[in-house]
Student: 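Sharing a structure here in structure tokens format.
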There are 2 protein chains.
Amino acid sequence: MLELFFKKVNEKINLTEEEQAACAQYFISKKLRKKQYLLQAGDVCKYSAFVEKGILRSYTTDEKGAEHIMQFALEGWWIADMYSFLTGEPSIYNIDALEDAELLLLSSAAQEKLFHQIPKFERYFRILIQNNMIAMQRRLIGSLSLSAEENYVHLINANPGMLQLVPQHMIASYLGITPETLSRIRKQLATRR
Amino acid sequence: MLELFFKKVNEKINLTEEEQAACAQYFISKKLRKKQYLLQAGDVCKYSAFVEKGILRSYTTDEKGAEHIMQFALEGWWIADMYSFLTGEPSIYNIDALEDAELLLLSSAAQEKLFHQIPKFERYFRILIQNNMIAMQRRLIGSLSLSAEENYVHLINANPGMLQLVPQHMIASYLGITPETLSRIRKQLATRR
DNA sequence: AAGCGGCGTTGATGTAAGTCAAGCAAATCT
DNA sequence: AGATTTGCTTGACTTACATCAACGCCGCTT
């Protein structure tokens, strides 16, 4: 159940066998069906979720009903509304599954205990947050200064695989463009070689 | 020297007199002339800076020579490249002063000692980082989904005062639009009342 | 005081991306 | 299997913003 989790964690910090064994109690495993919500806007984000299998996304819906995807979480990634999770305020994001998924959930109480028992995990989560911050900064600068095509190419280069796993109109939403525009960009790129 | 600093800190956590007195040793005060760099791209960001007086900005310069402003720091705000600061990697950002400024600098070594002596500061900085994250998320969603005019209005509403303090072309750069477009937007808004 | 450079404005024109509408193929439901 | 929905594409047209160029206004310098 936690194979992928330990693989990813051990890329950043090194856990002993005992530490690994001690981890397990803190996580709740959960399966999600396609289109099922993990979090709905207005609710409090009670868990950080590690994706063992499947794909999730977080997004907001604006007044005009348009969805804006904040984040995808492929296998081996974390997803949550960190703000709501840490403060207990209601979230403005929805999180749902693009396909059937298996998750490991960590509540904030469990997280604190985990930090206390295995302090290395503080480091692990700090690294995750840092990486998240720089990714968001890059994305912001991209959206302010690059063309839709450039942003698309960067996304796909940084993340091949995604293209097969995520429907195209969601990639468009993530990039902040319409599905039509993305379709035309892809046509351009295809013929231009 | 640290009046504004304590005022801001005490909005989030409550320091006793003794704690305040103990703080002082960890900070280095520094004055910056208008246009002077606190950090140049390629260097490591050795300090987080609290702005006692003046205004700073962080920005990148792209291949075409255009500047993209990541953050402004008005009086009472913090500025740094958190990533470079925490990892020791060279920064991609420049940080400089828009006008003569007075800063309190905190090195990462000093920060650790401060956390150790007054653990409340961990909380304080965690709150800062959280607020920074949600601000960045909002800005990203804005830039993906709103018009230039809407983004401008939100910025000014969230931050009156800024308009008087920051040159208009830098606000344009922050919003990811040209100075000409911002000028036209402002004209629109002015005549439309 | 004269000269200069930076900043904001305005106009004319260009272009990337949005909108609306239609059509088709594949997936999903009954 | 037939019906319905969902996702992707394509075309015609519109729109928001960029680009280029010119001009006036201050605040510097000397």
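Reckoned from all heavy atoms, side chains included, excluding hydrogens, waters and symmetry mates. Just so it is clear: chains get the letters A, B, ... in the order the sequence lines come, proteins before strands, and each one is counted from 1. Because the structure is predicted, anything quoted here is derived from the model rather than measured.
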Student: Is there a side-chain contact (heavy atoms from CB on, under 4.5 Å) between A:L2 and A:L104? Walk through the geometry before answering.
Tutor: CA-CA 8 Å; A:L2 292 85; A:L104 298 173; 4.1 Å; yes
Student: Any side-chain N or O of A:T178 under 4.0 Å from OP1/OP2 of C:dG18?
Tutor: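 Answer is yes, contact under 4.0 Å.
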Student: Angle class for the B:F121/B:F5 ring planes (parallel below 30°, perpendicular above 60°, tilted otherwise)?
Tutor: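 Correct class here is parallel.
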Student: Just the rounded figure in Å: distance from C1' of D:dC26 to CD of B:Q168.
Tutor: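 Roughly 15 Å, once rounded to whole Å.
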Student: Figure out the CE/P separation between A:M170 and D:dT6, and round it to whole Å.
Tutor: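 Atom-to-atom, A:M170 to D:dT6, this comes out as 12 Å.
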Student: For B:E52 and B:K8: C-alpha separation, side-chain torsions, deciding distance, then whether salt bridge (charged side-chain N to carboxylate O under 4.0 Å, His left out) applies.
Tutor: CA-CA 10 Å; B:E52 274 281 333; B:K8 299 301 282 188; over 6 Å; no
Student: What is the distance, rounded to the nearest whole Å, between atom CG of B:L175 and atom C1' of D:dC17?
Tutor: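 It works out to 13 Å between those atoms.
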Student: Are any of B:H169's side-chain N or O atoms less than 4.0 Å away from OP1 or OP2 of C:dG8?
Tutor: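 Yes, because at least one side-chain N or O of B:H169 sits under 4.0 Å from OP1 or OP2 of C:dG8.
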Student: Could you state the CD-P distance from A:E99 to C:dT28, rounded to the nearest angstrom?
Tutor: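 After rounding, the gap between these two atoms is 12 Å.
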Student: C:dT10, OP1 or OP2 - any side-chain N/O from B:K187 closer than 4.0 Å?
Tutor: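 Yes, because at least one side-chain N or O of B:K187 sits under 4.0 Å from OP1 or OP2 of C:dT10.
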Student: Distance criterion of 3.5 Å, no angle test: do you see the side chain of B:E180 paired donor-to-acceptor with the base of D:dC20?
Tutor: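 Yes, a donor-acceptor pair under 3.5 Å.
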Student: Of the candidate nucleotides C:dA17, D:dC17, C:dC7, which contains the atom at the shortest distance from the side chain of A:T181?
Tutor: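 Looking only at side-chain atoms, A:T181 lies closest to C:dA17.
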Student: Whether the side chain of B:Q36 engages the backbone of B:R33 through a donor-acceptor N/O pair (distance < 3.5 Å, no angle test) should be reported.
Tutor: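 Indeed, once roles are kept as given, a pair shorter than 3.5 Å links the two residues.
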Student: Check the distance between D:dG7's C1' and A:L165's CG and give it to me in whole angstrom.
Tutor: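 From A:L165 CG to D:dG7 C1': 16 Å.
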Student: With a cut-off of less than 4.0 Å, is there a side-chain N or O of B:S183 near OP1 or OP2 of C:dG8?
Tutor: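 So the side-chain polar atoms of B:S183 never come under 4.0 Å of the phosphate oxygens OP1 or OP2 of C:dG8.
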Student: Rounding to a whole Å, what distance do you find between A:I177:CD1 and D:dA16:P?
Tutor: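 Answer to the nearest Å: 19 Å.
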Student: Show the numbers, then the answer: is there a side-chain contact (heavy atoms from CB on, under 4.5 Å) between A:E75 and A:I55?
Tutor: CA-CA 6 Å; A:E75 288 173 12; A:I55 307 181; 5.9 Å; no
Student: Using only modelled atom types and a 3.5 angstrom limit, is any donor from either the side chain of A:R184 or the base of C:dT19 paired with an acceptor on the other?
Tutor: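 Looking at the base of C:dT19, it does pair with a donor or acceptor on the side chain of A:R184 (distance under 3.5 Å).
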Student: Roughly, in whole Å, what's the span from NZ in A:K34 to P in D:dT6?
Tutor: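 Rounded to the whole Å, the gap is 11 Å.
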Student: Just the rounded figure in Å: distance from P of D:dG7 to CD of A:E67.
Tutor: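 Result: 10 Å.
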